[in-house]
Number of protein chains: 2
Amino acid sequence: MSKELDFGETLRARRMAQAKDNPAFSLRKVAERVGIEPSYLSKIERGEQPPPGEENIRRLAEELGENPDMLLALAGKVAGDLLAIIRERPTVVAELLRTIRRMPDKRVSEISRQIRDGDW
Amino acid sequence: MSKELDFGETLRARRMAQAKDNPAFSLRKVAERVGIEPSYLSKIERGEQPPPGEENIRRLAEELGENPDMLLALAGKVAGDLLAIIRERPTVVAELLRTIRRMPDKRVSEISRQIRDGDW
DNA sequence: CATGGTGTGTAGTAATTACTACACACTTAT
DNA sequence: ATAAGTGTGTAGTAATTACTACACACCATG
């Protein structure tokens, strides 16, 4: 079984992978590009501090080539635009989400595709 | 045009409607059943304080016969179980939500129904 | 006129969130 | 051996969240 990576571990793993053949991926350099203190990033990577706010998570995702929604989820958060979609029409959207809750990923993706394609 | 009701106004309107023919819906009585301070509820209803936490919103919804998802949305929040659904499978669910974003309510409900019915 | 019930005003608070600033120790390259 | 770069330790902070506790003023009723 592959080990479950938490937010900090994922960041470190991704950054280390890049750092291996690119010196621009030192903790300090990444922190600077993202716009946070190196010590803060250090603590986050080691899980000593909780994950940062959405904006900084997005910048980290961009920087490290990770999917922002994925990274936000690892941080225990949900993207602001998705929250807005739910808040605009809470009952219908809630119904939809609770309906697809137990479906396999594949099925959910298929539904999205078919809706977009109008195969419906 | 009907006026846009915010969270506090909605609470007050709903409570007043019940209070009209049921003395158990005074601010104090409702507050007590919900388990919060009357002064706190007063401030919330008048928008002097921001909406309470999810649990108390749910109790208020129950008490006043309102839809919890609706009331949570008016409070600028999203139900915890929905957040969990997204966090469990961030990418597929995000894709679905962004896909249905611009569709009419009716269409979204229809999709939910068809998925449940297996009309697919 | 006091008692019970109504809503509200004032003054707090503990916990959480999202960070900054700076100093320190260690390694490596010149 | 010193300079530059690495990660980390310590010590804060401002803002927000989610409330409590209690006193006050008003109104109606016995």
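Order of the sequence lines sets the chain letters (A, B, ...), proteins ahead of strands, with each chain counted from 1. Small disclaimer: the values here were computed from a predicted structure and weren't measured. Below, each value reflects all heavy atoms present in this structure, side chains not excepted, and no hydrogens, waters or symmetry copies.
- Here B:K29 reaches the OP1 or OP2 of C:dT6: one of its side-chain N or O atoms lies under 4.0 Å away.
- Closest to the side chain of B:Y40, out of D:dA18, C:dA21, C:dT8, is D:dA18.
- Between B:L41 atom CG and D:dA18 atom C1' the separation is 14 Å, expressed in whole Å.
- One end of the helix from C:dC1-D:dG30 to C:dT30-D:dA1 points its axis 20° away from the other end's axis, with each axis taken from 5 pairs and the angle rounded to 10°.
- In this structure, A:R89 contributes its side chain and B:R101 its backbone to a donor-acceptor pair below 3.5 Å.
- Not one side-chain nitrogen or oxygen of B:R28 sits closer than 4.0 Å to the OP1 or OP2 atom of C:dT8.
- Judged purely by atom type and a 3.5 angstrom limit, B:R87 has no side-chain atom pairing as donor or acceptor with the backbone of A:V78.
- At the heavy-atom level, A:P50 lies nowhere under 4.0 Å from the strands shown.
- Between A:I36 atom CD1 and D:dG7 atom C1' there is a gap of 14 Å when expressed in whole angstrom units.
- No donor-acceptor pair closer than 3.5 Å links the side chain of B:S42 to the backbone N or O of B:P38.
- Close to C:dT6, at under 4.0 Å from its OP1 or OP2, lies a side-chain N or O of B:S26.
- Here C:dG7 presents its P atom at 16 Å from CD of B:E48, a figure rounded to the nearest Å.
- Rounded to an integer number of Å, the gap from B:K77 NZ to D:dT17 P is 8 Å.
- If you check distances only, the side chain of A:S39 does reach the base of D:dG9 with a donor-acceptor pair under 3.5 Å.
- Going from atom CD of B:Q49 over to atom P of C:dG7 covers 18 Å, rounded to whole Å.
- Between A:N22 atom CG and D:dT6 atom P there is a gap of 12 Å when expressed in whole angstrom units.
- Taking atom CD of B:E37 as the reference point, atom C1' of D:dC24 lies 15 Å away to the nearest angstrom.
- Comment: B:K29 does not engage B:E63 in a salt bridge, judged by the lack of any side-chain N to carboxylate O separation of less than 4.0 angstrom.
- Nearest-nucleotide mapping onto DNA chain C: of B:K43 and B:R15, the residue sitting toward the 5' end is B:R15.
- Across B:V34, B:N56, B:I36, a single residue satisfies side chain to side chain contact (heavy atoms under 4.5 Å, CB included) together with B:L41, and that is B:I36.
- Summarising the geometry, the separation between CG on B:L60 and C1' on D:dC19 is reported as 13 Å, rounded to the nearest angstrom.
- Residues B:I86 and B:I115 share a hydrophobic cluster, clusters being chains of Ile/Leu/Val/Met/Phe/Trp/Tyr side chains in contact below 4.5 Å.
- Considering only side-chain N and O atoms, B:N56 lies under 4.0 angstrom from the phosphate OP1 or OP2 of D:dC19.
- For the OP1/OP2 pair of D:dG9 and a distance below 4.0 Å, the side-chain nitrogens and oxygens of A:R46 include at least one atom meeting the criterion.
- Among residues two or more places apart in sequence or in another chain, the side chain to side chain contact (heavy atoms under 4.5 Å, CB included) test is passed with A:E54 by A:R58, A:L72, A:A79.
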